[in-house]
*Asks:* 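There's a structure below that I have some questions on.
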Protein chains: 2
Amino acid sequence: MKDKYESIRLRNQLCFPLYAVSNMITRKYKPLLDELDLTYTQYIVMMVLWEEECVNEKLLCETLCLKSNTVTPLLKKLESKGYIKKSKDPDDERNLVITLTKAGEKLKDKALSVPKGIACELNLSREEAATLYKILYKMLDEDRKEG
Amino acid sequence: MKDKYESIRLRNQLCFPLYAVSNMITRKYKPLLDELDLTYTQYIVMMVLWEEECVNEKLLCETLCLKSNTVTPLLKKLESKGYIKKSKDPDDERNLVITLTKAGEKLKDKALSVPKGIACELNLSREEAATLYKILYKMLDEDRKEG
DNA sequence: CTGAATTATATCGCGTGCGATATAATTTGT
DNA sequence: ACAAATTATATCGCACGCGATATAATTCAG
C-alpha cells in the first residue's frame with residue numbers, strides 16, 4: 001500500500017537534487033574563480049561579454065535568466081573591479097552598453113583554466129553530460145516560451 | 001578551425017543550465033509555497049521532518065547538503081513561525097533534536113498540493129525526469145564520497 | 001509637440017548559501 | 001579525573017536572487 005505522503009518525500013523530488021547540485025557546482029567553482037577575483041555569477045556575466053563585446057543590461061538579464069535587481073549590482077561590482085565599463089553604443093549613441101575593459105579582456109585567457117579544472121571534478125561520462133545538458137535546456141526553453 | 005575560447009562559451013557550460021534551472025524551480029515553487037508560509041529552503045527542511053519526526057542539526061545539514069551557517073538561521077525562522085521546536089532526544093536526554101509542532105504536523109497535509117502544482121509546470125516526460133534524477137544523484141553521491 | 005503609456009534600469013528589503021571564525025559540548029588520551 | 005582534541009552549533013560578513021517598487025528613458029497617441 002502506497003503511503004499517502006509518498007509525493008512529499010525528499011527523495012521523490014526532482015527539485016532537490018537540482019538545487020543541491022547547483023549549490024555543489026558553485027562551491028566547486030569557487031577556488032578556481034578566486035584566482036580570477038570573480039564569483040560564480042560574475043563569471044557567467046563575464047562569459048557573455050567575452051563572447052559579445054557589447055551588450056546591454058536587458059540582453060544580459062535574458063541570457064542569464066536573471067532579473068535586473070540581480071544584474072544591476074553585479075555590473076556595479078564588476079565595474080568597481082575594473083573588468084567592465086558602461087559606454088555609449090557605437091552603433092547608436094543613445095544606448096548605454098556594457099563593454100570589457102583591457103583588464104576584462106585579459107581575464108579571458110586566464111579563464112581558460114577554469115573549465116579544465118572543473119571537468120575533472122564532475123565525474124560524468126560524455127554521454128551523461130550531453131543528456132543532462134539536453135534535458136536542462138529543454139526545461140529552460142519551455143520556461144522561456146511560457147514567459 | 002576550433003576557436004581557442006570554445007570552452008568558455010556560456011553555451012558550452014553544463015554548470016549554467018544547472019544554475020538557471022535551479023533558480024527557475026525556486027521561482028516556480030514560490031506561489032505554491034506562499035500558501036504554506038514557507039520558502040523553498042524551509043520547505044525542504046520540513047520535508048525531512050515530515051519523514052523523520054526527530055533529527056538533529058547535523059543530520060539535517062548532511063541530508064540537505066547545506067552548512068550549519070545556512071541551517072541554523074533557517075531553524076530559527078521555522079521555530080519563530082511555530083512549525084518546529086528544539087527539544088531533548090527522548091532516547092538520549094543529552095542530545096538536542098528538532099521536532100515538529102502540531103502546526104508543523106498539520107502543514108504536511110496541506111503540502112500535498114505542492115507536488116501536484118509543480119508537476120504540470122515541468123514539461124518533462126517520465127523518462128526524462130527519471131534520467132535527470134539519476135544523473136543528478138550520481139553527481140551528489142560522487143561529491144559526498146570525495147567529501 | 002506633448003502628455004500618457006511602455007520599457008529599461010535602479011533601489012529596497014528579505015532570505016538564503018557559504019567561508020571564516022567563535023563558542024559550546026563531547027570524546028579521548030593519559 | 002582532567003586537559004587536549006574533536007565535534008556540533010552559532011555568529012559574522014559578503015554576495016546573490018528576487019518580489020515589489022521607484023525612477024529614468026523611450027515610444028506612442030492625438
Side-chain angles (χ1 to χ4, degrees), chain A residues 15-16 18-34 36-46 55-81 84 86-89 92-98 143, chain B residues 15-16 18-34 36-46 55-81 86-89 92-98 143 147:
Chain A
C15 63
F16 171 66
L18 267 165
Y19 160 89
V21 167
S22 176
N23 289 341
M24 179 189 96
I25 301 256
T26 307
R27 277 196 302 273
K28 285 197 187 297
Y29 268 95
K30 184 165 192 315
L32 298 165
L33 293 177
D34 281 349
L36 312 186
D37 187 26
L38 291 175
T39 64
Y40 178 72
T41 320
Q42 290 163 15
Y43 175 59
I44 62 175
V45 171
M46 292 303 286
V55 295
N56 61 17
E57 187 170 329
K58 184 174 164 9
L59 180 61
L60 213 46
C61 290
E62 277 163 10
T63 308
L64 301 178
C65 309
L66 292 171
K67 305 282 146 56
S68 77
N69 46 11
T70 299
V71 172
T72 300
L74 264 172
L75 295 179
K76 267 198 187 137
K77 198 81 204 180
L78 286 170
E79 206 172 2
S80 79
K81 287 186 182 179
I84 67 168
K86 293 187 183 174
S87 40
K88 299 268 168 66
D89 185 341
D92 183 344
E93 286 280 326
R94 290 169 311 172
N95 288 347
L96 263 184
V97 291
I98 300 138
D143 190 51
Chain B
C15 63
F16 170 66
L18 267 165
Y19 160 90
V21 168
S22 176
N23 289 342
M24 179 189 97
I25 301 256
T26 307
R27 277 196 303 270
K28 284 197 187 299
Y29 268 94
K30 183 163 193 313
L32 298 165
L33 293 177
D34 280 350
L36 312 185
D37 188 25
L38 291 176
T39 65
Y40 179 72
T41 320
Q42 290 163 15
Y43 175 59
I44 63 175
V45 170
M46 292 302 288
V55 295
N56 61 16
E57 187 170 327
K58 183 174 166 8
L59 180 61
L60 212 45
C61 290
E62 278 163 8
T63 309
L64 301 178
C65 310
L66 293 170
K67 305 282 146 48
S68 78
N69 46 13
T70 299
V71 172
T72 300
L74 263 173
L75 295 178
K76 267 198 187 137
K77 199 78 206 185
L78 286 171
E79 207 173 2
S80 80
K81 286 186 181 178
K86 293 185 184 176
S87 40
K88 299 267 168 64
D89 185 342
D92 183 343
E93 285 280 327
R94 290 171 311 174
N95 289 346
L96 264 183
V97 292
I98 299 138
D143 190 52

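Chain letters run A, B, ... following the sequence lines, proteins first, then strands; residues in each count from 1.
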*Asks:* From NZ of B/Lys67 over to C1' of D/dT7, roughly how many Å is that when rounded to an integer?
*Replies:* 16 Å
*Asks:* Base, sugar-phosphate or nothing for B/Ser68? Non-hydrogen atoms, less than 4.0 Å.
*Replies:* base
*Asks:* Check every atom of C/dC18, D/dG17, D/dA15 against the side chain of B/Thr70 and return the nucleotide holding the closest atom.
*Replies:* C/dC18
*Asks:* For the backbone of A/Cys61 and the side chain of A/Lys67, can you confirm whether one donor and one acceptor N or O come within less than 3.5 Å of each other?
*Replies:* no
*Asks:* Would one find a side-chain N or O of B/Lys86 under 4.0 angstrom from OP1 or OP2 of D/dA10?
*Replies:* yes
*Asks:* For A/Lys30 and C/dA20, give me the distance from atom NZ to atom P, rounded to whole Å.
*Replies:* 6 Å
*Asks:* Does a side-chain N or O of B/Tyr19 approach OP1 or OP2 of D/dG17 to a distance below 4.0 Å, or not?
*Replies:* yes
*Asks:* Would you mind telling me which of D/dC16, C/dT16, D/dC18 lies closest to the side-chain atoms of B/Asn23?
*Replies:* D/dC18
*Asks:* Between C/dG19, D/dC16, C/dA10, spot the one nearest the side chain of A/Thr72, thanks.
*Replies:* C/dA10
*Asks:* Over how many whole Å does the gap from A/Lys58 atom NZ to C/dA10 atom C1' extend?
*Replies:* 16 Å
*Asks:* Send over the distance from B/Glu57 CD to C/dT26 P, rounded to a whole Å.
*Replies:* 15 Å
*Asks:* A/Leu66 has an atom CG; how far is it from atom P of C/dT9, in whole Å?
*Replies:* 14 Å
*Asks:* Rounded to whole angstrom units, what separation is found between the CG atom of A/Leu75 and the P atom of C/dT11?
*Replies:* 12 Å
*Asks:* Taking A/Thr63 for its side chain and A/Leu59 for its backbone only, find out whether a donor-acceptor pair lies under 3.5 Å.
*Replies:* yes
*Asks:* Nearest to the A/Asn69 side chain among D/dA10, D/dC18, C/dC18, which nucleotide is it?
*Replies:* D/dC18
*Asks:* Side-chain contact, heavy-atom cut-off 4.5 Å: B/Thr26 with B/Lys30?
*Replies:* no
*Asks:* May I ask you to decide if the ring planes of A/Tyr40 and B/Tyr19 are parallel, tilted or perpendicular, using 30° and 60° as cut-offs?
*Replies:* perpendicular
*Asks:* OP1 or OP2 of C/dC18 sitting under 4.0 Å from any side-chain N/O of A/Tyr40?
*Replies:* no
*Asks:* Can you tell me if the side-chain N/O atoms of B/Thr26 get under 4.0 Å from OP1 or OP2 in D/dC18?
*Replies:* no
*Asks:* For A/Asp34 and D/dC14, what is the distance between atoms CG and P respectively, to the nearest whole Å?
*Replies:* 16 Å
*Asks:* Do any side-chain nitrogens or oxygens of B/Lys76 fall under 4.0 Å of OP1 or OP2 in D/dT11?
*Replies:* yes
*Asks:* What's the closest nucleotide to the A/Arg27 side chain, out of C/dA10, C/dC18, D/dG19?
*Replies:* C/dC18
*Asks:* State whether A/Thr39 places a side-chain N or O below 4.0 Å from either non-bridging phosphate oxygen (OP1 or OP2) of D/dC16.
*Replies:* yes
*Asks:* Between A/Glu57 and A/Thr72, does any side-chain donor sit less than 3.5 Å from a side-chain acceptor?
*Replies:* yes
*Asks:* In terms of side-chain heavy atoms of B/Asn56, which of D/dC18, D/dT9, C/dG17 is nearest?
*Replies:* D/dT9
*Asks:* I need the B/Leu36 CG to B/Tyr43 OH distance, nearest 0.5 Å.
*Replies:* 7.5 Å
*Asks:* Which residue, B/Lys77 or A/Met24, contacts DNA chain C at a nucleotide closer to its 5' end, judged by nearest heavy atom?
*Replies:* B/Lys77
*Asks:* If I take atom CG in residue B/Leu60 and atom C1' in nucleotide C/dG17, what distance separates them, rounded to the nearest angstrom?
*Replies:* 15 Å
